[in-house]
**Q** 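Supplied in structure tokens, the structure appears directly below.
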Amino acid sequence: QVQLVESGGGLVQAGDSLRLSCAASGRTFSTYNMGWFRQAPGKEREFVAALFWTNGITYYADSVKGRFTISRDNAKNTVYLQMNSLKPEDTAVYYCATKRRRGGVDTPAQYDYWGQGTQVTVSS
């Protein structure tokens, strides 16, 4: 089992920055990668970013590329999502997730463990 706890969400203005954290515990060594997803009201959950544990390679959705950065602190077993130049369309509940299996990283159904989510609201 793996437990994930997100934090760092809030209400900001367009152009501001936020850093989300995802603290992982449990059998994290058995997982393949970490992902961040988001879900806006009335919309499906969508991929934001992913980071592979073994080599640190990152992968981003086109909508956040150049603005968001996923990173990790191995000592703290924590993954971060630095969000810069935030836009109103970034408003959503943000979730971190991890999975055991190799393969694609941008589909929610591929993930085994999820955090409870943290709300990010960007006002115009």
Side-chain angles (χ1 to χ4, degrees):
Q1 286 287 345
V2 176
Q3 294 79 41
L4 303 173
V5 179
E6 302 99 335
S7 60
L11 172 62
V12 297
Q13 292 187 333
D16 285 351
S17 299
L18 271 178
R19 190 179 77 160
L20 306 183
S21 301
C22 175
S25 61
R27 298 174 61 86
T28 55
F29 59 87
S30 68
T31 59
Y32 177 59
N33 71 276
M34 184 68 77
W36 282 99
F37 290 79
R38 65 187 182 186
Q39 188 166 19
K43 294 188 177 181
E44 293 186 350
R45 193 167 297 190
E46 66 173 3
F47 171 75
V48 175
L51 181 147
F52 295 89
W53 293 124
T54 55
N55 53 23
I57 290 177
T58 57
Y59 180 54
Y60 298 93
D62 287 343
S63 59
V64 306
K65 203 172 293 183
R67 300 189 297 123
F68 291 11
T69 303
I70 186 171
S71 63
R72 63 183 174 179
D73 183 330
N74 289 338
K76 296 182 178 180
N77 235 14
T78 298
V79 173
Y80 303 99
L81 185 68
Q82 178 67 42
M83 305 185 295
N84 298 329
S85 302
L86 282 162
K87 304 174 181 180
E89 51 264 43
D90 295 318
T91 295
V93 177
Y94 283 71
Y95 300 89
C96 63
T98 191
K99 62 182 178 73
R100 296 187 300 267
R101 295 174 294 274
R102 295 178 179 271
V105 299
D106 59 359
T107 303
Q110 297 165 319
Y111 286 77
D112 302 299
Y113 304 102
W114 291 84
Q116 82 288 353
T118 185
Q119 176 71 47
V120 172
T121 303
V122 184
S123 62
S124 58

**Q** Other residues, nucleotides and ligands only: do more than 12 of their heavy atoms fall within 6.0 Å of CD on Gln116?
**A** yes
**Q** Taking the six-membered ring of Tyr32 (Phe, Tyr or Trp), confirm whether the NZ or CZ of Arg101 is under 6.0 Å from its centre and within 45° of its axis.
**A**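 The answer is no, since Arg101 fails at least one limit relative to Tyr32.
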**Q** Please check this pair: side chain of Thr118 against backbone of Gly9, looking for a donor-acceptor N/O pair closer than 3.5 Å.
**A** yes
**Q** Side chains of Trp53 and Thr98, heavy atoms from C-beta outward: is any pair under 4.5 Å?
**A**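 Yes, side chains in contact.
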**Q** Using the rule given for side chain to side chain contact (heavy atoms under 4.5 Å, CB included), can you reason through Val105 versus Lys99, listing the C-alpha separation, both sets of side-chain angles and the distance that settles it, and then say yes or no?
**A** CA-CA 9 Å; Val105 299; Lys99 62 182 178 73; 4.2 Å; yes
**Q** Grouping I, L, V, M, F, W and Y whenever their side-chain heavy atoms are under 4.5 Å apart, do Tyr95 and Val79 come out in a common cluster?
**A** no
**Q** Can you confirm whether Tyr80 sits close enough to Ile70 that some side-chain heavy atom of one is under 4.5 Å from a side-chain heavy atom of the other?
**A**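 Sidechains of Ile70 and Tyr80: no contact.
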**Q** For a quick check under 3.5 Å, do Asn33 and Tyr111 share a side-chain donor-acceptor pair by atom type?
**A** yes
**Q** Would you say the rings of Phe52 and Tyr59 are close, in the sense that their centroids are separated by under 6.0 Å?
**A** no
**Q** Under 4.0 Å between a side-chain nitrogen and a carboxylate oxygen: does that hold for Lys65 and Asp62?
**A**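 Counted as a salt bridge, because a side-chain N and a carboxylate O are separated by less than 4.0 Å.
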**Q** Any donor-acceptor pair under 3.5 Å linking the side-chain atoms of Ser25 with those of Gln3?
**A** yes
**Q** So how far is it from Met34 CE to Leu81 CG, rounded to the nearest 0.5 Å?
**A**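 One finds 11.5 Å between CE of Met34 and CG of Leu81.
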**Q** Apply the side-chain contact (heavy atoms from CB on, under 4.5 Å) test between Arg72 and each candidate in Thr78, Leu51, Asn77, Thr58; give the one that qualifies.
**A** Leu51
**Q** Rounded to the nearest 0.5 Å, what separates atom CD in Gln13 from atom CG in Leu11?
**A** 8.0 Å
**Q** How about Cys22 and Trp36: do any of their side-chain heavy atoms sit closer than 4.5 Å?
**A**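 Heavy-atom side-chain distance check passes, below 4.5 Å.
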**Q** Looking only at side chains, do Tyr113 and Arg100 share a donor and an acceptor under 3.5 Å apart?
**A**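 Result is yes, a qualifying pair exists.
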**Q** Search all heavy atoms of Ala14 against all heavy atoms of Ser124 and return the closest pair with its distance.
**A** CB-CA, 4.4 Å
**Q** Can you tell me how far CG of Leu86 sits from CZ of Phe68, rounded to the nearest 0.5 angstrom?
**A**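 So the gap between those two atoms works out to 5.0 Å.
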**Q** Measure the CG-OG distance between Asp90 and Ser63 for me, rounded to the nearest 0.5 Å.
**A**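 Going from the CG atom of Asp90 to the OG atom of Ser63 covers 7.5 Å.
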**Q** Start with the C-alpha gap between Phe37 and Trp114, add the side-chain angles, then the distance that decides, and say whether ring-ring contact (aromatic ring centres under 6.0 Å, His included) holds.
**A** CA-CA 10 Å; Phe37 290 79; Trp114 291 84; 5.2 Å; yes
**Q** Work out which heavy atom in Val2 is nearest to a heavy atom in Leu4; give both atom names and the distance.
**A** CG1-CD2, 3.9 Å
**Q** So, applying side chain to side chain donor-acceptor pair (under 3.5 Å) with Tyr94, which one of Arg38, Gln39, Glu6 is it?
**A**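 The single option meeting the side chain to side chain donor-acceptor pair (under 3.5 Å) with Tyr94 is Arg38.
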**Q** Taking all atoms of both residues into account, what is the closest heavy-atom pair of Ser17 and Ser85, and its distance?
**A** OG-N, 4.3 Å
**Q** When rounded to the nearest 0.5 angstrom, what is the spacing between CZ in Phe47 and CD in Gln110?
**A** 9.5 Å
**Q** Determine whether the side chains of Thr121 and Gln119 contain a donor N or O and an acceptor N or O closer than 3.5 Å.
**A** yes
